[in-house]
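In what follows, a single structure is set out as structure tokens and then discussed.
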There are 2 protein chains.
Amino acid sequence: MRALPFTAVSIHDRFWAPRQKTNSEATIPHELMQCRTTGRIDNFAKAAGLMPGDFEGIFFNDSDVHKWVEAAAYTLWTHPNPEWEAELDEVITKIAASQQPDGYLNSYFTLVEPTKRWQNLGMMHELYCAGHLFEAAVAHYQATGKQTLLDVACRFADLIDNTFGPGKRDGLPGHEGIELALVKLARATGEPRYMALAEYFVTRRGHSPSIFEKELENPDLPGGLGAYQHHFTRDGKYEGFYAQAHLPIQEQTECVGHAVRGMYLYSGAADIAYETDDSAITNALEALWQNVGKRLYITGGVGPSGHNEGFTRDYELPNFSAYAETCASIGLIFWAHRMFLLREESRFVDVLETALYNGALSGISLDGTGFFYQNPLASHGDRHRHAWFGCACCPPNIARLLASVGQYIYAESDDGIYVNLYVGSTADALVAGNVPIRLMQETDYPWAGDVTLTITPTRPVHFTLNFRIPGWCDQFEVCINGEVDTSQPNTAGYLAITREWRAGDRVELQLSMPVTRVHAHPLVRENLGRSALRRGPLVYCFEEADNRDGAFQTLSLADNNALETTFNSDLLGGVTVIRGTGSVLNDAEWEDNLYLTAPSAKQIDVTAIPYYAWCNRGTGKMAVWVL
Amino acid sequence: MRALPFTAVSIHDRFWAPRQKTNSEATIPHELMQCRTTGRIDNFAKAAGLMPGDFEGIFFNDSDVHKWVEAAAYTLWTHPNPEWEAELDEVITKIAASQQPDGYLNSYFTLVEPTKRWQNLGMMHELYCAGHLFEAAVAHYQATGKQTLLDVACRFADLIDNTFGPGKRDGLPGHEGIELALVKLARATGEPRYMALAEYFVTRRGHSPSIFEKELENPDLPGGLGAYQHHFTRDGKYEGFYAQAHLPIQEQTECVGHAVRGMYLYSGAADIAYETDDSAITNALEALWQNVGKRLYITGGVGPSGHNEGFTRDYELPNFSAYAETCASIGLIFWAHRMFLLREESRFVDVLETALYNGALSGISLDGTGFFYQNPLASHGDRHRHAWFGCACCPPNIARLLASVGQYIYAESDDGIYVNLYVGSTADALVAGNVPIRLMQETDYPWAGDVTLTITPTRPVHFTLNFRIPGWCDQFEVCINGEVDTSQPNTAGYLAITREWRAGDRVELQLSMPVTRVHAHPLVRENLGRSALRRGPLVYCFEEADNRDGAFQTLSLADNNALETTFNSDLLGGVTVIRGTGSVLNDAEWEDNLYLTAPSAKQIDVTAIPYYAWCNRGTGKMAVWVL
């Protein structure tokens with residue numbers, strides 16, 4: 001199973017295409033400006049000796065630029081623009097110029113602690129930054145065909161490969177990410193050493209003796225011991241949970257520690273399992289997947305706690321204090337995508353879709369220049385979007401996700417084509433060995449569940465078209481060239497239609513998309529007795545802007561309540577809203593009472609909007625789960 | 001307004017009388033044994049030079065013994081017993097022997113840091129322990145007429161009075177309690193210096209410069225700086241909230257910090273306001289009372305957080321993690337009682353009654369030898385009662401409360417008599433200046449709301465009988481000598497019946513006592529959508545012992561659910577249980593699902609018991625608030 005790459009897919013719907021346009025016109029320039037004004041670009045120039053001055057900002061700031069480069073590269077493919085290609089090349093030139101003669105590339109260490117490379121792998125993010133450089137280089141190469149950054153990446157990867165590994169130095173990234181990046185680099189270049197190094201990083205992790213434990217003994221550690229001890233020790237004793245270094249990957253069954261780190265590790269491990277067919281890793285990933293299924297916000301957010309930016313316990317999913325970092329949902333998309341490629345089952349794409357349309361997408365404003373680091377499921381009105389962050393991992397991460405979302409829509413196996421996401425788009429593939437085929441998908445998803453796929457092979461060809469029947473969908477109909485087909489989904493969750501396909505064949509799929517009320521596991525304490533509204537892949541929320549005074553905070557939607565949907569093209573870039581009536585408590589009588597025996601309620605009209613669109617009209621109260 | 005003292009009241013009902021009997025027969029001996037085996041009694045003997053050895057335990061352990069002496073003294077009045085009087089005298093002899101020539105009495109400082117008296121007032125509890133000594137001495141004097149301990153107390157109080165105050169040394173207790181104790185001592189001895197010292201401690205508090213801030217500058221502090229800084233500083237800066245030393249009492253409007261400290265301070269301040277008619281203090285106490293009304297568990301528990309053993313924010317009342325220390329509810333009873341005496345309104349007695357029958361009484365097992373320090377309103381089954389604690393403030397505190405509960409039933413003003421609590425009891429008072437009167441109250445309260453009061457003055461006498469109409473009571477009937485009386489409660493919350501009372505006059509009061517479902521303020525996040533069952537003064541809970549598997553955790557009691565009450569004399573010492581049916585979620589379908597659109601429910605029969613009686617049948621799940 002292989003994803004159809006972003007270069008093979010063109011999106012032309014009214015949901016994602018405008019977001020990609022905004023991404024190209026607003027987000028990419030905005031983020032470059034932020035990288036410039038915060039000294040992130042200059043750090044490379046300084047490290048290259050092109051300008052004087054000290055390193056500015058946080059030691060891992062290079063990674064933000066790398067992610068921006070990756071996002072800008074995808075965007076050049078979807079929205080070619082010579083002016084921006086020149087901007088991108090200029091940034092890449094500075095990055096490349098900062099590379100040291102031996103291939104090393106990290107502006108912080110080059111400028112600040114040049115003699116202390118690789119001494120604090122646990123906390124100082126050299127390998128993490130390298131990973132983002134590799135991902136950027138591969139994207140740039142795929143989008144533009146230029147090898148400028150790819151060569152830089154390979155030189156650095158060669159240095160890392162010469163430094164770390166069996167028979168060489170023992171080393172691991174404290175923040176994972178380089179594993180999946182090396183897999184990308186290996187696939188783009190065909191270099192098996194990179195794949196082997198990725199496998200080493202995935203499988204060395206969690207073994208004893210721990211390199212992190214050893215680094216903790218260094219009193220002269222670059223960056224100091226304080227943060228390291230905070231994250232990697234408990235009661236003075238080494239503990240690897242924070243960075244998923246507590247057990248070898250094959251023995252891990254519980255999602256622990258920093259959520260983004262976890263998602264990146266599991267993604268890299270899935271890549272390795274795919275490449276090596278290692279069933280021990282695959283089984284561990286299945287166990288981890290089962291576990292994340294007990295630690296997943298309905299929005300596809302993961303990592304409820306701000307304390308470790310990560311995981312806590314099964315079913316601990318607080319709403320107001322939900323951390324649910326944008327990057328963690330993006331990481332979950334990466335992991336889910338790789339699990340699909342590995343296992344070929346739609347259940348992984350269900351989670352991918354949930355995170356994509358909700359917990360990740362909420363991380364960026366509709367105008368493309370306001371970001372969330374945290375994505376709570378309820379707010380007292382104290383949240384607002386930020387133009388940037390000191391630790392700016394999320395903004396370029398969501399930009400690269402949006403720019404490359406095309407790669408998640410389709411996949412191909414030797415048998416045929418998989419349609420995983422319903423997005424108006426055109427895709428080119430080869431089937432049955434070498435028959436070129438064009439797929440044209442027309443749909444108003446996620447606002448409607450009607451999908452038409454027109455298949456245009458260059459000659460009649462026998463293969464299977466696999467349509468994902470989403471987990472949220474209880475009822476569907478399918479017609480092939482106007483004839484009802486009664487096929488049912490297979491155990492992998494796909495409606496598999498095998499036939500000789502001819503140019504102009506049309507499959508019409510109607511996914512029934514009613515508003516449903518979703519209930520959470522009773523151990524999710526805050527949600528007991530509550531429900532959330534979902535329609536298709538979209539989770540809804542109540543926001544103060546639509547509901548005066550945030551009165552929905554005591555909202556009770558009676559079970560038999562009629563909920564109506566309307567598409568409102570003037571609202572929030574065009575959204576389907578859900579309207580209904582419910583009862584709320586009467587605030588006045590609670591002014592002087594803490595307890596009442598017969599509180600009165602009043603009927604109110606309420607409006608819910610898609611969760612991803614919240615906090616685009618100023619600050620205000622918000623809730624996903626209501627009584 | 002004056003309370004009828006415990007010496008004037010004799011309880012003979014089937015609710016409190018058995019608890020007092022258990023207190024005398026089980027709790028008092030059990031606690032003395034605990035004080036003995038933990039070295040608490042020996043500490044006094046060692047400090048007196050009567051035996052060799054080092055101080056054992058925590059530096060404030062003397063206070064537990066003082067509280068036990070107080071409890072034992074009350075108990076000697078209610079349950080005279082020469083053997084126990086001898087035991088008590090023996091303990092008192094050791095305490096007295098430990099008094100230093102100058103009057104100082106604290107076994108820790110005498111044995112461990114004799115040169116460092118009064119240097120760490122903020123954390124080392126010398127004045128707090130002194131307060132408990134004074135309370136014990138007054139109780140012992142009132143119960144037995146013996147002055148042995150009272151003389152000891154006065155000598156120590158004289159030393160303290162000679163040491164601290166205007167023109168003397170600046171000093172304050174870090175843990176309040178001595179204020180109300182000095183008021184008791186002043187009233188028992190007629191010594192105005194003790195009252196003045198109490199007033200000084202109440203009114204000096206919260207002024208700048210702070211003696212606590214000054215003590216924090218002492219690197220050689222007895223007890224060390226660690227705990228002190230933890231509680232009295234924030235980001236390295238002095239902060240008085242923990243010990244209510246942030247503002248002068250007249251400017252305090254918010255209940256902050258350590259809850260027991262707060263309750264004791266507000267109690268002492270109410271005593272001072274009563275004595276001095278200081279309207280600034282009274283107004284502050286009214287503001288604090290309004291505020292505690294936003295921070296009060298339905299059980300009368302206060303101080304939700306274990307972090308500071310105290311207050312947090314308005315409406316922050318978590319159930320599972322509720323700290324709600326037994327001592328804090330007892331302190332709330334002290335404060336509420338004094339607020340009633342000051343303001344003569346029943347609303348204070350409503351809170352007193354709630355705390356007495358629920359959050360305080362839950363702190364002791366039915367057999368009298370198992371204690372709670374914390375009183376959560378929900379449990380996952382991980383709570384159990386303890387025979388004793390390292391920090392053993394709660395066990396002797398609940399013992400002294402139970403032994404002296406008679407003092408809260410009646411009060412007298414120049415106009416007449418107040419019946420505040422409905423407890424089968426006999427009380428003696430003087431009315432109309434000097435007419436002796438006996439009140440005989442017969443009731444099965446809290447199991448029934450019928451009360452008969454028989455009045456026996458020595459001659460016909462004109463005065464007012466004030467019956468408290470509880471805040472929980474929506475409907476009542478009253479008959480005087482068999483004739484219906486249609487009086488309504490006055491604005492103070494009392495049914496005031498003024499007439500010439502003759503021997504044998506009978507007032508029959510019927511307080512309607514249905515099961516009610518109480519709702520919490522919508523900002524009490526965990527309780528939104530939930531209700532609790534209350535009947536009369538009793539809050540009910542669902543316990544695993546009566547409800548298989550603790551299935552009540554997802555229990556939904558439909559609004560129109562019939563709830564039946566039955567008195568079960570074999571259960572938990574005799575309790576009225578509430579039975580009904582409700583629906584719970586079907587556990588099985590949640591095994592592999594985190595979210596479901598149409599979870600099924602099943603009907604179950606459920607039984608609720610009074611909250612105070614929970615955790616008397618082993619550990620198990622429990623919940624007060626259900627859907």
Side-chain angles (χ1 to χ4, degrees), chain A residues 290 292-298 314-315 317-320 351 354 378 380 471-472 474 514-534 539 551 553-556 559 584-587 589-601 623 625-627, chain B residues 290 292-298 314-315 317-320 351 354 378 380 471-472 474 514-534 539 551 553-556 559 584-587 589-601 623 625-627:
Chain A
Q290 292 301 318
V292 87
K294 296 176 180 173
R295 300 178 177 204
L296 184 66
Y297 283 102
I298 189 174
D314 288 353
Y315 307 116
L317 295 165
N319 293 318
F320 286 97
V351 170
T354 296
H380 296 299
W472 56 258
D474 286 335
V515 176
T516 54
R517 298 183 63 181
V518 182
H519 299 257
H521 193 289
L523 290 177
V524 182
R525 204 190 298 169
E526 278 193 28
N527 295 346
L528 198 55
R530 293 168 175 262
S531 64
L533 299 181
R534 195 177 61 192
V539 174
Q553 299 205 81
T554 62
L555 181 64
S556 175
D559 271 331
V584 293
L585 293 177
N586 191 344
D587 284 352
E589 68 186 8
W590 288 101
E591 265 170 38
D592 298 317
N593 290 296
L594 182 57
Y595 300 105
L596 284 174
T597 48
S600 62
W625 294 94
V626 295
L627 292 171
Chain B
Q290 291 302 316
V292 88
K294 296 175 180 174
R295 300 178 176 203
L296 184 66
Y297 283 103
I298 189 174
D314 289 352
Y315 308 116
L317 296 165
N319 294 319
F320 286 96
V351 171
T354 296
H380 294 300
W472 56 258
D474 287 336
V515 176
T516 55
R517 299 183 62 183
V518 183
H519 299 257
H521 193 288
L523 290 177
V524 181
R525 203 188 298 169
E526 277 194 29
N527 295 347
L528 199 54
R530 292 169 175 260
S531 63
L533 300 182
R534 196 177 61 194
V539 174
Q553 299 203 90
T554 64
L555 181 64
S556 177
D559 272 330
V584 293
L585 292 178
N586 191 343
D587 284 352
E589 69 186 7
W590 288 102
E591 263 170 38
D592 297 318
N593 289 296
L594 182 56
Y595 300 106
L596 284 174
T597 50
S600 62
W625 293 94
V626 296
L627 292 171

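Side chains are part of it too, since the values below use all heavy atoms of this structure and drop only hydrogens, waters and symmetry mates. Numbered from 1 within each chain, the chains take letters A, B, ... in sequence-line order.
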**Asked** Atom CG of L627(A) and atom CZ of R530(B): how far apart are they, to the nearest 0.5 Å?
**Response** 10.0 Å
**With W472(B) via ring-ring contact (aromatic ring centres under 6.0 Å, His included) - residues at least two apart** = none
**Prompt:** Contact part of L585(B) toward chain A, heavy-atom cut-off under 4.5 Å: side chain, backbone, both or neither?
**Reply:** side chain
**Asked** How many angstroms lie between atom CZ of R517(A) and atom OG1 of T597(B), to the nearest 0.5 angstrom?
**Response** 11.5 Å
**Message:** L594(B) and side chain to side chain contact (heavy atoms under 4.5 Å, CB included): which single residue from V518(A), L317(A), L523(A), V292(A) fits?
**Reply:** L317(A)
**Message:** As an exercise: rank T554(A), L528(A), D587(A), D592(A) by heavy-atom pairs under 4.5 Å with chain B and give me the winner.
**Reply:** L528(A)
**Message:** According to side-chain contact (heavy atoms from CB on, under 4.5 Å), who are the partners of A520(B), at least two apart in sequence or on a separate chain?
**Reply:** Y595(A), V524(B), N527(B), W625(B)
**Item:** Max heavy-atom pair count under 4.5 Å with chain A, selected residue of L596(B), D314(B), T516(B), D474(B)
**Value:** L596(B)
**Pairs of heavy atoms under 4.5 Å with chain A: top-ranked of E526(B), R525(B), K294(B)** = R525(B)
